Colleague: 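Below is the structure I would like to discuss, written out as structure tokens.
Just so you know, these numbers come straight off a predicted model, no measurement behind them. All heavy atoms count here, side chains included; hydrogens, waters and symmetry mates do not. Here is the naming used below: chain letters follow the sequence lines, and residue numbers restart at 1 for every chain.
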Amino acid sequence: MFSERWLCFCCPPMHKSPRRTIVAPIEQNPIQPESRLQLQTSRLSNRQKQKSELHLAAVVIIQTWFRRRRALFEIRRKTAWTIYQNIEYAGEQNQLKLYNFFLELMQTVSKNPRDATVAAKVLRRSSSLSGLTEELELKQLTSPTIINVESSYQGPHIDKPINREHFEALILAFQRGELLHAHYVLLILHELRHILKNLPNINIVSTHQTTCVTVVGDLHGSLADLMIIFHKNGLPSNENPYIFNGDIVDRGFQSIEVFLLISVALIVYPNNIYLNRGNHEDHVLNLRYGFMKEIIHKYKSHATRLLHLFENIYSWLPVASLIDDHIFVTHGGISNITDLTIINQIKRQKYVSVLSPSFIIPPNEDEFQIGNIPNDLLLEWRQILDLLWSDPKQSDGCEPNTYRGGGCYWGPDVTNDILEKHKWSLLIRSHECKEEGFDYTHDKKVLTVFSASNYYAVGSNRGAYVKVITNQPPLIVQFVSTKSSHKSLTLWERVSHVEEQAIQNLLEKFSVNQNRLIREFAVVDRKKTGRISINEWCDIVSRVLNLHLPWRTLKSRLVQTDSDGSIIYESTFRFKQLQFTLNVPTSERRTSLCQAIYRNKDLLETVFRAIDKDNSGVISMKEFTDVCVSLGHHNGTKFDGKQIMDLAASIDLDKNGVIDFNEFLEAFRIVDITDHFDDES
Amino acid sequence: MATSTDATGAVPDQENRVTLRDPIRESEERANQARIKRLTDAFNVFDQESNNTIPSTELGTVIRSLGLVPTEGELQDILSEMSDDSNPDSIHLERFLNVMNMILKDRRYQGEPESKILRAFQVLDTQNNGYLTEEEFRNYLCKEGEPFNEEEFQDFMTIALDDETNHKCTYKDFVQHLVVEEND
């Protein structure tokens, strides 16, 4: 499948050679040992013939058995990958469903006014953190001069004009784990914003002078991967241009450092560094996927200011780049309506959040009619949404999620059409994690590049970047960031690591769904033998967790089987347990509630944070209960308002009618059960 | 599932007519269902788009994951039975199930017992040392039979060698590595 050559400048053992087809290699002539022997043995004596036959048979036996061993590992790796992708996919589906749910709430006359209030609060927050659109207001709120740099500050100092020395100093400082002072962060961000405002929607990139440009995919806050790229490919400069294709922030733990380095590179070399907006350059996603948390944690009282500025800067990021008029680079992809002439005319700064732009959210609670939005505005929105959110699919056609969903799935026919319409030869995009860090599809017309290695777990995937060179096919370079060991992991080690993490994730999900699973198991196990068939176990687990995985293949690592092949279903819960800090006796109802809360932890956290306008980490008890109950309506979980208040009270977190939701959520934890399952006979 | 039966194994149906159960046929049918499920699960791991096809290049891995031990040549044969001329790069679930079900039923490609694999190493160990060196392996495994590519060879050497420094493989222990049964 991947027959492009690719070079890996410093780690030969790690790069995969082109995938084998199962035709025997051409260097050796025949495939069957027998026919080969026919050629050779005709010239040998009988005894020699026998020896030769035996020898060849021996070689083939060893090769065959080794290949089988290796294949079993491949399957384990593939299965682990499937687990991660499924969990990620399910999480994203949840997120999208949540926003659709809130939008629907707003549209109908809600029977429950409380739900509508929560929805309104969340949505208004999602359209813009503060509604700041005035240039002056923004400058006043986020001016660096508001913040003083204390004399005790030991980190790097940045002053204008920002230059190469500052860039290199920041690299060193961040590698040492230092934090850049908020004053300088604001300074840099304002400089960046000033440049971004003058850029067109689509960056025009030419390799005429430099002969090449490097395209980097999703980094997701991975400073380690950015450092490897700079190490292998050289620091950005006027002779070494870069395009960063979005999703710089979220998920990883050094999002702000990565963003700052790229910003400074752009400030120092504004004609040779290009940024494309990704779907995670959106404060609505930052709520859930970690960037907001990171900023609040690192910058505390200054966090709100920084977040306001980020929100505004995102809206000024270009949405795509065009290299030499024939290679289109954008974060997500395209759809059947993608049209550059239309995109060029959009006022991109309107889209503070691409997922949830302000024109669909009313300024106050009363009016809301999505039907009133003019069609061309909706189509315009789709143009941008599709660029940032779409994914390719193998079959023809174009399936939109919904406008409020997240882009399209587009097929090879759409690729052909759009590429031909614009006279492009290649589409480079990112947005999806790939095991090799890259992937060609649609007859080599679409290239995915993903630059965050070990994205799901250590050993899960390589990262890659693309060197686009004038008049040559793109050159792909793979890499892996290794934190501790300098030795590259063998296939066997890599698979074990990746698999281990994936299995842990599944075991956690079991414990978090314990009551529901036990209930279903009991229904099937009418005779109370403690055992059910493999099929029944797989069915139930698949349904309750809503994860469609190869459970039969996985079961040996997850549960105990009896001698007759049936599953001892209690063993599903022998490794992990959901615990919460309570000093009151637990009832079945309470454990159910706690499990429900933990299952929805991410969603709850997202909504709490959305409501917490001043990022203080604290909301009112009423708001807190409203959110829990409202979310309960969303996914059918019963969150009883009184139960929740009781729970919060018993954890002793209710302080004068407000609750620290971080503390609340942290009270729920999955722990390893150290005692192993006892086999009771 | 439980239905009341009388001593002959006969079961009354809805209208209380009695039909004789055929235990042999029933158990065959159950075995068949179990096989199909096993095959489908293995297939689905590589069915990326959930459209009931897998790339031809993954067939080897899928078949081996079922515990079978075909040579590359045998794989090629199986592939030609399954593949569709109009779409040579992918294999459809239906054809896969048909071919593989027969193969599983006939218990083909089961591979050799451990003793035979040990014997294979002994044949290559012309000096009777009890071990083979990396160089010997490279000569045999990368140049003869159904040769390894570099990546396969590197992975092989990682687990074959006694330890990294001595470049020897005392194959008696190694054979157990190769024959390991994954829990199924």
Colleague: Would the number of heavy atoms belonging to other residues, nucleotides or ligands and lying under 6.0 Å from CZ of B/R119 be above 12?
Modeller: no

Colleague: Does any heavy atom of chain A fall under 4.5 Å from the side chain of B/L68, the backbone, both, or neither of them?
Modeller: backbone

Colleague: Please round to the nearest 0.5 Å and tell me the distance separating atom CZ of A/R68 and atom OG of B/S65.
Modeller: 9.5 Å

Colleague: Under 3.5 Å, which donor-acceptor pairs do the side chains of residues 107-118 of chain B form with other protein atoms, sequence neighbours left out?
Modeller:
residue, atom, partner, partner atom, Å
B/E112, OE1, A/W65, NE1, 3.0

Colleague: Is B/E94 atom CD crowded by more than 12 heavy atoms from other residues, nucleotides or ligands, each under 6.0 Å away?
Modeller: no

Colleague: Can you measure from CD1 (A/I75) to CG (B/L66) and round to the nearest 0.5 angstrom?
Modeller: 7.5 Å

Colleague: Would you compute the distance between atom CG of B/L178 and atom CZ of A/R70 and round it to the nearest 0.5 angstrom?
Modeller: 13.0 Å

Colleague: Among B/T158, B/V69, B/D89, B/I63, who wins on heavy-atom pairs under 4.5 Å with chain A?
Modeller: B/V69

Colleague: Just so I understand: if I count every heavy-atom pair under 4.5 Å between each of A/T561, A/L54, A/I62 and chain B, which residue has the most?
Modeller: A/I62

Colleague: For B/D155, is it the side chain, the backbone, both, or neither that has a heavy atom closer than 4.5 Å to a heavy atom of chain A?
Modeller: both

Colleague: How long is the gap from NZ on B/K37 to CG on A/N535, to the nearest 0.5 Å?
Modeller: 4.5 Å

Colleague: For B/E58 and A/K78, what are the C-alpha separation, side-chain angles and deciding distance, and is it a salt bridge (Lys or Arg N to Asp or Glu O under 4.0 Å)?
Modeller: CA-CA 11 Å; B/E58 305 288 11; A/K78 195 76 190 184; 5.0 Å; no

Colleague: For a ring-ring contact (aromatic ring centres under 6.0 Å, His included) with A/F66, tell me which candidate from B/F174, B/F148, B/F153 qualifies.
Modeller: B/F148

Colleague: Using atom types as modelled and distance alone, determine if a side-chain donor or acceptor of A/Q63 lies under 3.5 Å from a backbone N or O of B/G145.
Modeller: no

Colleague: Mind checking whether A/L72 and B/R64 have side chains closer than 4.5 Å, heavy atoms only?
Modeller: no

Colleague: On a heavy-atom basis, which atom in B/T61 and which in A/A71 lie closest, and how many Å separate them?
Modeller: CG2-O, 3.6 Å

Colleague: With a 4.5 Å limit on heavy-atom distance, are the side chains of B/Y140 and A/H55 in contact?
Modeller: yes

Colleague: Nearest heavy-atom pair of B/A120 and A/A58: which atoms, and what distance?
Modeller: O-CB, 3.5 Å

Colleague: Is A/R67 paired with B/E72 through a side-chain N to carboxylate O contact shorter than 4.0 Å?
Modeller: yes

Colleague: Taking all non-hydrogen atoms of both residues, which atom of A/V59 and which atom of B/L124 are closest, and how far apart?
Modeller: CG2-CD2, 3.8 Å

